[in-house]
Q: 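One structure, as structure tokens, below. Some questions next.
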Amino acid sequence: MKENLSRLIQQALDSLVEQGQLPADIQPRVQIDRTRDKSHGDLASNIALTLAKAAGVPPRELAQSICDALPGSELVSRTEIAGPGFINFFLSEDSNQAIIKRILAQGEAFGRSNDGQGRKVQVEFVSANPTGPLHVGHGRGAAVGDSLYRLLEATGWSVSSEFYYNDAGAQIHNLALSVQARCKGLTPDDAGWPADGYRGEYIVDLARAYQRGDKVDAEDQHVIAAGDAGDLEAIRKFAVAYLRREQDLDLKAFAVHFDVYFLESSLYQSGEVEATVRRLVENGHTYEKDGAIWLRTTSFGDDKDRVMRKSDGGYTYFLPDVAYHLNKWQRGFERVINEQGADHHSTVTRVRAGLQALEQDIPDGWPDYVLHQMVTVMRDGEEVKLSKRAGSYVTLRDLIDEVGCDATRYFLVARAPSSQLTFDIDLALSQSNDNPVYYIQYAHARVCSVMRKLAEQGWNWDSSAALEHLGLLGEEHERSLLRRLDHYPELVANAAANCEPHSVATYLRELAGEFHTWYNAHKMLVEEQPLRDARLALSEAVRQVIANGLQLLGVSAPESM
RNA sequence: GGGGGUAUAGCUCAGCUGGAUAGAGCACCGGCCUUCUAAGCCGACGGUCGCAGGUUCGAAUCCUGCUACUCCCGCCA
């Protein structure tokens, strides 16, 4: 709808230029906004305000000229000049009702677009090391990242999701030592328990499985336990696979899928880490100090230089990070979005600096990052900090088991990633309108229920016949719903472009609210068939948009509750 | 000390890339509810958009400087 109006305005401007009322060299950016206040019409443009100065004409006067030059259209019933020089558009009944036709015709495709034009984008998220069950923070990353994946897919991008993990570093070594200690019957407070060992109960299960000689099938690896408590390398391999599988199960329960699992160790095996070092040294961006090799990241905006090869010959984590991102670039992702916890924000500058230092014509500012803030979990008004299994943190699994996948996903994705998030377990569990997930799903189920009721009464609903009677939708609530439905495709496009899945959650909440209000105010299954058909058409359109929106969030759309 | 993030109604949060009188849900208050799905519906109250400047026709939104809270600042990942 905005595009249509935008074209009309552009035509008006062109003709004003021809008539010499506007200078030919203006570069108007036609902006159309949704009005907040209904008395301002349905859509408004500030075009006269922005062009007034260049045209040397007072804004309201210019607005009048533009209106006069506007070609006639069936979409617009009238225009009005208001305030300092806004042009308000009142849409015709026809154009309002057209949205229902579009939604019913397009079904699941409504709101999808081809903005991405099949270009390759990668979303990396979660990327937890296999040292324990996923925690709530990973859950937030999973909910946001997977939603981004769905949004990009829906807007025409060729998307790949990726999970990167370190399977060989110091933390994994600690993990292996912890399992070994458990195999030997030690507990965390015994003498001889490894420093920085993992203390959670899950290590006990892991040790038992190892000693039993269990077989583990994870998404990307398969291992049979050697059972020998003295073989630290065998323990390491088994522990990594075991916890990898455990995380797989958490993610599966969370309805999250990854296209690629990428192992940090593969970058060493392939020689990419070495090659990256060589390249950085050759490009003259490094120097030696205190027996270590430093990368001069300050040349690329960092506040201090960083060690890339330690004095003991090992690499710091950031070097494989750079090699990894070069690998992504070489795989042809013109756009990469890394979803991470905000506690990792310091890597952003470092990785970008490292990539620039490679001098491979990687665009400055590549890749993109979406950083999410901390999550705190509340129950009975108090913060929950521990889980039995993991010991020191609340696991994603705890939440899914307690409140379900749908509620967990919704709550974790519903806030702007940049905001700290409080997860209220009591609210997520409540079956009332206070609970937004329930409220939205209920709106969907309600439409399905009405359709069932219709059949019980021996009536049927002919969607094509119904479209003839959309003119009967004249109630204020109905117009308001139509406006909101019309907004959906643009909302999806913006959410994808700006990496803001939470705006879909907000939208659905508002749409559901408006639907419930309408439903409570007017009867759907009235005796007069034309009106009944028209209302059912609107209901069905709302149901479709809710279903489409929930899909983007990875939340189910139940037909009954 | 340096950097990231946040600051909007009593609480939890939106705010469409700078638009018109800043919105929603809870909570509180006042009414209505015997219904196509039932766990309710309608309305009222509630704001110096952290503070101070700046940019312009116009600022919660952009710039600068403060303040508070939070995360990070390792030859850990």
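Letters go in sequence order (proteins before strands), and every chain restarts at 1. When reading the values below, keep in mind they use all heavy atoms of this one structure, side chains included, and skip hydrogens, waters and symmetry mates. Please read all numbers here as calculations on a predicted model, not as lab measurements.
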Q: Whole-Å distance between B/G15 P and A/Arg509 CZ?
A: 15 Å

Q: So what does A/Lys453 touch, heavy atoms closer than 4.0 Å: a base, only the sugar-phosphate, or nothing?
A: sugar-phosphate

Q: For every nucleotide of nucleotides 7-13 of chain B, 5' to 3': is a protein heavy atom under 4.0 Å from its base (B), only from its sugar-phosphate (S), or from neither (-)?
A: -----SS

Q: Without decimals, in angstroms, what is the distance between A/His516 NE2 and B/U37 P?
A: 14 Å

Q: Looking only at the aromatic ring of each residue, does the gap between the centers of A/His285 and A/Phe300 stay below 6.0 angstrom?
A: yes

Q: So, OP1 or OP2 of B/A38: does either fall under 4.0 Å of a side-chain N or O from A/Arg446?
A: yes

Q: Looking only at heavy atoms, what is the nearest atom pair of A/Val504 and A/Leu491, with distance?
A: CA-CD2, 4.0 Å

Q: Are the aromatic rings of A/Tyr507 and A/Tyr488 close, with centres under 6.0 Å apart?
A: yes

Q: How far does the C1' atom of B/C49 sit from the matching atom of B/A22, given to the nearest Å?
A: 8 Å

Q: In whole Å, what is the span from the CD1 atom of A/Ile47 to the P atom of B/G19?
A: 15 Å

Q: What orientation do A/Phe411 and A/Phe423 show, parallel under 30°, tilted 30 to 60°, or perpendicular over 60°?
A: tilted

Q: Starting at atom OH of A/Tyr507, determine the distance to atom C1' of B/G25, rounded to an integer number of angstrom.
A: 18 Å

Q: How long is the line joining CZ of A/Arg352 and P of B/G4, in whole Å?
A: 13 Å

Q: According to the interplanar angle, ranging from 0 to 90°, do the rings of A/Tyr439 and A/His516 count as parallel (below 30°), tilted (30 to 60°) or perpendicular (above 60°)?
A: tilted

Q: Side-chain donor-acceptor contacts of residues 51-64 of chain A below 3.5 Å, not counting sequence neighbours, with atom names and distances?
A:
| residue | atom | partner | partner atom | Å |
| --- | --- | --- | --- | --- |
| A/Arg60 | NH1 | A/Gly83 | O | 2.6 |
| A/Gln64 | NE2 | A/Asp68 | OD1 | 3.0 |

Q: Listed by chain and number, what are the salt bridge (charged side-chain N to carboxylate O under 4.0 Å, His left out) partners of A/Arg352, not counting sequence neighbours?
A: none

Q: Classify the nucleic acid contact of A/Asn494 as base, sugar-phosphate or nothing, counting any heavy atom under 4.0 Å across all strands shown.
A: sugar-phosphate

Q: So what does the secondary structure string of RNA chain B come out as, 5' to 3', with Watson-Crick or wobble pairs under 3.5 angstrom, [ ] for crossing and | for pairs with another strand?
A: (((((((..((((.....[...))))..((((.......))))......(((((..]....))))))))))))....

Q: How would you label the contact of A/Arg532 with the nucleic acid (heavy atoms, under 4.0 Å): base, sugar-phosphate, or nothing?
A: nothing

Q: Let's test your reading of the model: under 3.5 Å, does the base of B/G19 pair with the side chain of A/Asn46 as donor and acceptor?
A: yes

Q: If I pick the C1' atom on B/A7 and the same atom on B/U48, what distance separates them, to the nearest angstrom?
A: 15 Å

Q: Would you please indicate if the ring centroids of A/Tyr324 and A/Phe262 are separated by under 6.0 Å?
A: yes

Q: Give a yes/no verdict on base stacking between B/C36 and A/Tyr519: centres under 5.5 Å, planes within less than 30° of parallel.
A: yes

Q: Would you classify A/His372 as touching base, sugar-phosphate or nothing, given that sugar-phosphate means primed atoms plus P, OP1 and OP2, and contacts are heavy atoms under 4.0 Å?
A: nothing

Q: Please state the C1' separation for the pair B/G31 and B/C45 - nearest whole angstrom.
A: 14 Å

Q: Can you check whether A/Phe86 stacks with the B/G19 base, using ring centres under 5.5 Å and planes within 30°?
A: no

Q: With rounding to the closest Å, how many angstrom separate the C1' atoms on B/C42 and B/C33?
A: 11 Å

Q: Grab the CZ-P distance between A/Arg36 and B/A22 for me, whole Å please.
A: 8 Å

Q: Could you work out the separation of B/A77 and B/G10 based on their C1' atoms and round it to a whole Å?
A: 42 Å

Q: Which word best sums up how the rings of A/Tyr519 and A/Phe515 line up, parallel for under 30°, tilted for 30 to 60°, or perpendicular for over 60°?
A: tilted

Q: Taking only the P atom of each, what is the distance from B/G47 to B/A39 in whole angstrom?
A: 33 Å

Q: Nearest-Å distance, CH2 (A/Trp518) to C1' (B/C36)?
A: 12 Å

Q: Could you pick out which residue, A/Arg452 or A/Tyr439, lies toward the 5' side of RNA chain B when each is mapped onto its nearest nucleotide?
A: A/Arg452

Q: Can you identify which nucleotide, out of B/U37, B/A39, B/C42, has its nearest atom closest to the A/Gln431 side chain?
A: B/A39

Q: Look only at the side chain of A/Asp33 and the backbone of A/Ala44, and say whether a donor-acceptor pair between them is shorter than 3.5 Å.
A: no

Q: Let me have a per-nucleotide readout for nucleotides 71-77 of chain B, 5' to 3', with B, S or -, counting only protein heavy atoms under 4.0 Å.
A: SSSSBSB

Q: Between A/His40 and A/Thr517, who's closer to the 5' end of RNA chain B by nearest nucleotide?
A: A/His40

Q: Look at all strands and tell whether A/Asn88 reaches a base, only sugar-phosphate, or nothing, counting heavy atoms closer than 4.0 Å.
A: base

Q: Can you tell me the distance, in whole Å, between the NZ atom of A/Lys523 and the P atom of B/C41?
A: 18 Å

Q: What distance, rounded to whole Å, do you find between the two P atoms, one in B/G18 and one in B/G30?
A: 44 Å

Q: What nucleotide, of B/A14, B/U56, B/A39, holds the atom closest to the side chain of A/Thr506?
A: B/A14

Q: When the ring centroid of A/His344 is compared with that of A/Tyr369, is the distance short of 6.0 Å?
A: no

Q: Cation over ring, A/Arg296 on A/Tyr287, under 6.0 Å and within 45°?
A: no

Q: Quote, to the nearest angstrom, the C1' distance that separates B/C69 from B/C63.
A: 24 Å

Q: Applying salt bridge (charged side-chain N to carboxylate O under 4.0 Å, His left out), name anything that partners A/Glu80, two or more places apart in sequence or on another chain.
A: A/Arg78

Q: Which is true for A/Ser430 with a 4.0 Å heavy-atom rule: it touches a base, it touches only sugar-phosphate, or it touches nothing?
A: nothing

Q: Within the 4.0 Å heavy-atom criterion, would you say A/Ala521 contacts the bases, only the backbone, or no part of the nucleic acid?
A: nothing

Q: Can you tell me how the ring of A/Phe258 sits relative to the ring of A/Phe125, calling it parallel under 30°, perpendicular over 60° and tilted otherwise?
A: tilted

